Every structure is written in structure tokens, then in C-alpha cells.
Number of protein chains: 2
Amino acid sequence: MATQQAPAPSGRVLDHPDTDDIRLEHVLHALSDPMRLRIVCRLATDGGELACSVFDLPVSKSTCTHHFRVLRESGVIQQIYRGTAKMSLLRTEELERLFPGLLDSVLTAAHHQEQRLAGQ
Amino acid sequence: MATQQAPAPSGRVLDHPDTDDIRLEHVLHALSDPMRLRIVCRLATDGGELACSVFDLPVSKSTCTHHFRVLRESGVIQQIYRGTAKMSLLRTEELERLFPGLLDSVLTAAHHQEQRLAGQ
DNA sequence: CGTGTTGTACGATTTCCGTCGTAGTACGGT
DNA sequence: ACCGTACTACGACGGAAATCGTACAACACG
């Protein structure tokens with residue numbers, strides 16, 4: 001098989017905004033939450049599909065579901081069911097096309113701030 | 001005089017976060033509101049100090065005050081009283097130092113989106 | 001068919017946010 | 001001293017958002 005051992009997408013489908021319906025304000029709002037920013041950074045560095053469960057977030061499962069939904073509905077991530085897992089993936093190309101450089105600058109900014117705050 | 005007819009700053013002083021206290025999440029949140037994004041875009045294109053009153057925002061004066069305060073407290077703008085006017089100014093250099101490219105990409109993104117939405 | 005894993009749906013709660021109006025303050029000019 | 005301009009402070013209000021817990025659904029695997 002081409003796709004290693006990843007289960008095929010299941011029947012359940014999730015609603016995503018069309019590329020043209022993605023709004024800057026919504027994206028910025030989605031990224032302005034620490035939990036969601038953390039998720040996005042992780043998705044960027046790992047660079048592929050990740051199951052929601054691999055993010056060890058300090059919040060309940062329902063809250064976690066909530067944050068992923070906000071990211072999806074704002075157009076930041078794409079989500080797909082594979083078996084019982086729900087995989088998330090940054091909509092990198094589309095965001096780059098709509099808002100060139102935005103995602104990158106946010107990611108490096110987040111990284112810089114992390115360094116800065118870690119060094120007291 | 002060096003400074004044309006601009007009144008000198010008055011005694012009233014406003015609280016601003018130190019450069020090191022500016023947080024990405026707060027900046028993103030500040031920028032995620034349409035009204036505030038509009039203010040920031042205007043400040044960027046006009047490129048200097050602007051009185052709050054020159055922004056013709058479709059909200060009441062109190063709401064206007066509120067939005068400027070959010071921008072100031074998040075570190076996006078600097079504000080200073082000159083006579084009865086309160087001038088606002090983007091903290092461009094500091095933001096660039098903290099989050100390189102971020103402000104620019106947000107501004108161009110906002111501009112692109114405006115174009116895109118204007119063309120139906 | 002059970003069982004465990006993953007994630008959802010829903011309701012409750014609490015807090016935050018954008019908005020307004022009214023009343024007030026600071027300042028510049030006359 | 002008075003007035004007008006520019007903005008603030010405060011309280012209210014409605015809606016959005018973050019969080020949780022409990023109960024439930026979809027799926028893989030034995």
C-alpha cells in the first residue's frame with residue numbers, strides 16, 4: 001500500500017470552510033488562544049497528520065474537542081477520521097496563498113516567545 | 001519649532017506594557033477584531049500619529065475608547081495625549097523585534113482580504 | 001458480540017467581550 | 001469664566017467563549 005498502516009478515512013465527514021471563506025479575523029482569533037497556538041505549533045513542527053490524542057493538553061477531552069473544532073472552522077486545520085482516531089493537518093498551502101507569510105511569522109513568533117520566556 | 005503645530009504632550013500619562021511583556025496571544029487577540037484591525041491598517045498606511053477622532057468607526061465613542069485601550073494594553077500601539085487629542089502610533093519597531101514579519105504579514109493579509117472581498 | 005479506545009454531543013457554568021448611554025474630566029480657545 | 005472638543009469612567013446588557021462532566025457513538029480487535 002502507498003499509505004503505510006494508516007487506516008482509510010471512515011464514513012464520518014467533517015465540515016470545513018472553503019478556501020475563499022477563510023477570514024483573517026477568524027484565523028487570528030483561532031490562533032490567539034494559548035492552547036490552540038500550542039496545537040498549531042506542534043502540527044507545524046511535526047509536519048503531518050496527528051491524532052488529537054497525541055497532544056497532551058492540560059484540559060479535559062471535551063475542551064480539547066472544542067479547540068480542534070475552532071481551528072477547523074476557522075480554516076486553520078483540516079481534519080479527517082481514520083478509524084477511531086481523528087487526524088489533524090495544517091492547511092498550509094491554502095493559508096499561504098490567502099495570507100502569504102502569516103502562518104510562518106506566527107510560528108516563529110511563537111517559537112521566539114517560548115525561548116524568551118523560558119530564559120526568564 | 002521642530003514639531004510643527006502639534007501640542008506638547010500633556011501631563012496625563014497612559015500605561016503601556018514594556019516591550020518584554022508583550023505577548024503574542026494578546027497581540028493576535030487584539031488584531032482579531034475587525035474594528036481594531038481596521039484601526040491598525042489605517043495607522044500603518046498613514047504611518048504616524050493619528051488622533052482617535054480621525055478614525056470614522058461605525059461604533060460609539062465609548063466603544064472606540066475600548067478598542068484603542070485593548071490595542072494599547074496588548075502592546076500594539078502607543079498612545080499619548082496632546083492637548084485634548086489622544087494620538088495613537090503603531091509600535092512598529094518593537095513588534096518587529098519581538099515578532100519579525102508578523103505585523104507586515106497581517107497587514108498585507110488584511111489588505112489582500114479586503115481586495116478579495118471587494119471583488120465579490 | 002463484547003470491550004477498550006477515541007472522540008462527540010449536550011447542558012451547565014463562569015468568565016470575557018463588544019456594545020451602548022450617561023455623566024464627567026481635561027484641555028484649548030474666546 | 002465660560003464653552004466646545006475630545007476623550008474617559010462606569011454600569012449595564014447580551015452574546016460569545018472556555019471549561020467541565022456525563023452520557024453516548026464509531027470503530028478496531030479479540
Side-chain angles (χ1 to χ4, degrees), chain A residues 3-16 23 25-39 49-74 76-89, chain B residues 3-16 23 25-39 49-74 76-89:
Chain A
T3 54
Q4 305 187 225
Q5 65 269 48
S10 80
R12 292 181 283 171
V13 185
L14 293 157
D15 253 25
H16 293 79
R23 293 287 172 274
E25 312 86 85
H26 299 163
V27 170
L28 292 176
H29 172 254
L31 297 176
S32 72
D33 180 276
M35 228 47 86
R36 292 192 291 259
L37 192 52
R38 198 159 140 178
I39 293 171
E49 282 183 358
L50 288 182
C52 297
S53 54
V54 311
F55 300 84
D56 204 24
L57 301 174
V59 289
S60 73
K61 273 199 304 179
S62 359
T63 304
C64 206
T65 299
H66 163 70
H67 285 308
F68 277 98
R69 181 171 49 229
V70 172
L71 286 172
R72 172 167 47 83
E73 291 180 344
S74 67
V76 176
I77 65 173
Q78 205 227 318
Q79 293 192 291
I80 187 175
Y81 284 105
R82 296 198 185 278
T84 67
K86 190 186 193 178
M87 313 301 291
S88 294
L89 180 67
Chain B
T3 56
Q4 306 189 220
Q5 65 269 47
S10 80
R12 292 182 283 172
V13 185
L14 292 157
D15 253 26
H16 293 79
R23 291 287 171 276
E25 311 86 85
H26 299 161
V27 170
L28 292 176
H29 172 253
L31 297 176
S32 71
D33 180 275
M35 230 43 90
R36 293 192 292 258
L37 192 53
R38 197 159 142 178
I39 293 172
E49 282 183 358
L50 288 182
C52 297
S53 53
V54 311
F55 300 84
D56 204 26
L57 301 174
V59 289
S60 73
K61 275 201 300 182
S62 1
T63 305
C64 206
T65 300
H66 163 70
H67 285 308
F68 277 98
R69 182 170 49 231
V70 172
L71 285 171
R72 172 168 46 81
E73 291 181 344
S74 67
V76 176
I77 66 173
Q78 205 229 316
Q79 292 191 292
I80 187 174
Y81 284 105
R82 296 197 186 279
T84 66
K86 189 187 194 178
M87 313 301 289
S88 294
L89 179 68

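Quick caveat: nothing in here was measured; it's all calculated off a predicted structure.
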Over how many whole Å does the gap from [X] atom [atom1] to [N] atom [atom2] extend?
| X | N | atom1 | atom2 | value |
| --- | --- | --- | --- | --- |
| B/L71 | D/dC7 | CG | P | 15 Å |
| B/E73 | C/dC16 | CD | C1' | 14 Å |
| A/L14 | C/dG7 | CG | C1' | 11 Å |
| B/L50 | D/dC7 | CG | P | 11 Å |
| A/F55 | C/dG7 | CZ | P | 10 Å |

For residues 54-61 of chain A, dump all side-chain donor-acceptor pairs below 3.5 Å to protein atoms at least two apart in sequence or in another chain.
from  : atom 1 : to    : atom 2 : distance (Å)
A/S60 : OG     : A/T63 : N      : 3.3
A/S60 : OG     : A/T63 : OG1    : 3.0

Suppose we screen for side-chain hydrogen bond (donor to acceptor under 3.5 Å, both in side chains). Which residues come up paired with A/R23, at least two apart in sequence or across chains?
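None.
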B/R82: side-chain hydrogen bond (donor to acceptor under 3.5 Å, both in side chains) partners, not counting sequence neighbours:
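Expected list: B/E49.
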For each nucleotide in nucleotides 13-24 of chain D, reading 5' to 3', give B when a protein heavy atom comes within less than 4.0 Å of its base, S when such contact involves only the sugar-phosphate, and - otherwise.
----SSBBBB--
Name the nucleic acid region contacted by A/T65, choosing base, sugar-phosphate or nothing; use a 4.0 angstrom heavy-atom cut-off, strictly under.
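Base contact.
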Which residues pass the salt bridge (charged side-chain N to carboxylate O under 4.0 Å, His left out) test with B/E25, not counting sequence neighbours?
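If we apply the salt bridge (charged side-chain N to carboxylate O under 4.0 Å, His left out) test to B/E25, skipping adjacent residues, there are no hits.
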Of the options D/dC7, D/dA6, C/dG4, whose atoms approach the side-chain atoms of B/A51 most closely?
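Closest nucleotide among those given: D/dC7.
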Student check: side-chain heavy atoms of [X] and [Y] closer than 4.5 Å:
| X | Y | value |
| --- | --- | --- |
| A/L14 | A/Y81 | yes |
| A/V76 | A/R72 | no |
| B/I77 | B/S88 | yes |

Report the residues that fulfil side-chain contact (heavy atoms from CB on, under 4.5 Å) with A/Q78, sequence neighbours left out, ordered by chain and then residue number.
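Applying side-chain contact (heavy atoms from CB on, under 4.5 Å) to A/Q78 gives A/H16, A/L89, A/R91.
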Going by atom type alone, with no hydrogens or angles, which donor-acceptor pairs under 3.5 Å involve a side-chain atom of residues 31-39 of chain B and a protein atom two or more places apart or on another chain?
from  : atom 1 : to    : atom 2 : distance (Å)
B/S32 : OG     : B/H29 : O      : 2.8
B/D33 : OD1    : B/M35 : N      : 2.9
B/D33 : OD1    : B/R36 : N      : 3.2
B/R36 : NE     : B/A30 : O      : 2.8
B/R36 : NH1    : B/H67 : ND1    : 3.2
B/R36 : NH2    : B/H29 : O      : 3.4

What are the residues of residues 76-83 of chain B, sorted by number, that bring a heavy atom to within less than 4.0 Å of DNA chain D?
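Under 4.0 Å from DNA chain D: B/Y81.
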D/dA9 OP1/OP2 closer than 4.0 Å to side-chain N/O of B/R69
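Looking at the OP1 and OP2 atoms of D/dA9, one of them is under 4.0 Å from a side-chain N or O of B/R69.
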